[in-house]
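What follows is a short report on a single structure.
Note on naming: letters A, B, ... go to the chains in the order of the sequence lines (proteins, then strands), and numbering restarts at 1 for each one. Keep in mind the model is a prediction, meaning the values are calculated, not measured.
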Amino acid sequence: MDRRLPRSFYLRTDVVGIARELLGMVLVTRFDGAHTAGIITETEAYAGVGDRASHAFGGRRTARNAMMYAQGGTAYVYLCYGIHHLFNVVTNVRDVPHAVLVRAVVPVTGLEHMRKRRGTTSTLTTGGPGTLAQALGIRTAHNGMDLRGAEMCIEDHGLAPPDAAIIAGPRVGVEYAEVDARLPYRFRAHIRTPA
DNA sequence: CAGCAGATTGACT
DNA sequence: GTCAATCTGCTGC
């Protein structure tokens, strides 16, 4: 059966609620013949033109962030510090630049592919926004990809954590965003690795 | 056009 | 705890 989240999930206006609901969802990529997937355990919401922490604050629109203005269900991938690829889920309708940054996943499928992509280290780390993108093979070439497609999608496997297991807190690395930096737009959940 | 800081990570002191 | 790696966009000369 098709577990992919429907377009309607991404088109909603409540980006903070979507960030919370993405916890427990399964991020799947099928790049270069490698099927890899991980359970989303940490997200951050970026709430459009009024959010000082967002690349789209004040309606800013550049070659890099253009995909934030695409319709919900589109991937927004950009390079941070010139090194790390960060993966975001675009939400809301076209021209409303809402997005959710996926900050951490628990690997469930294709661990050997992930290890290979991450290099020679023995332990497989996917607990940061840059490392999870690398493990899943996500690169800037995937910017603008449709999350309803075959190569990349988010599925509902019924793993949503109970409310009590979700921790909301301030976002990371956005101190410059002043009052917006303190908004509880970051969500974390401890999810057991399936046996 | 030079300089700087940023939604980061991992190696090293 | 500190620092380098190195791309993008903004500021200021």
*asked:* Nearest whole Å is fine: how far is B:dG6 P from A:D51 CG?
replied: 16 Å
*For the pair made of NE2 in A:H85 and P in B:dG6, what is the distance, rounded to whole Å?*
21 Å
_Can you check the distance between B:dG10 and C:dT8, where both ends of the measurement are the C1' atom (answer in whole Å)?_
22 Å
*Figure out the CZ/C1' separation between A:R117 and B:dT9, and round it to whole Å.*
19 Å
*asked:* Quick check with a 6.0 Å cut-off and a 45 degree axis cone: is A:R7 positioned over the face of A:F9's six-membered ring?
replied: no
*Compute the ring centroids of A:F87 and A:H142, then answer whether they are less than 6.0 Å apart.*
no
*In whole Å, what is the span from the CZ atom of A:R52 to the P atom of B:dG6?*
15 Å
_Suppose we define a pair by two distances each less than 3.5 Å, Watson-Crick or G-U wobble; what does C:dT6 pair with here?_
none
_Both A:T131 and A:V172 contact DNA chain B. Which one's nearest nucleotide lies toward the 5' end?_
A:V172
*Encode nucleotides 4-10 of chain C as B, S and - characters from 5' to 3', where the letter depends on protein heavy atoms closer than 4.0 Å: B to the base, S only to sugar-phosphate, - to neither.*
-BBBSSS
*Please test A:R118 against A:Q134 for side-chain hydrogen bond (donor to acceptor under 3.5 Å, both in side chains), starting from the C-alpha separation and ending with a verdict.*
CA-CA 6 Å; A:R118 291 275 301 134; A:Q134 186 180 24; 2.5 Å; yes
*Of A:V15, A:T74, A:L147, which is the lone residue that meets side-chain contact (heavy atoms from CB on, under 4.5 Å) with A:V90?*
A:T74
*In Watson-Crick or G-U wobble terms, both distances under 3.5 Å, what is the partner of C:dC13?*
none
*Ring-face cation of A:R61 near A:Y69 (centre distance under 6.0 Å, axis angle within 45°)*: yes
*Same apolar cluster: A:L27 and A:I166, side chain cutoff 4.5 Å*: yes
*Given the P atoms of B:dC12 and C:dT6, what is the spacing between them in whole Å?*
16 Å
_Is there a side-chain contact between A:R118 and the phosphate of B:dT9, meaning an N or O under 4.0 Å from OP1 or OP2?_
no
*Does the ring center of A:Y78 lie less than 6.0 Å from the ring center of A:H85?*
no
*Looking at every strand, decide which applies to A:R103 at a 4.0 Å heavy-atom threshold: base, sugar-phosphate, or nothing.*
sugar-phosphate
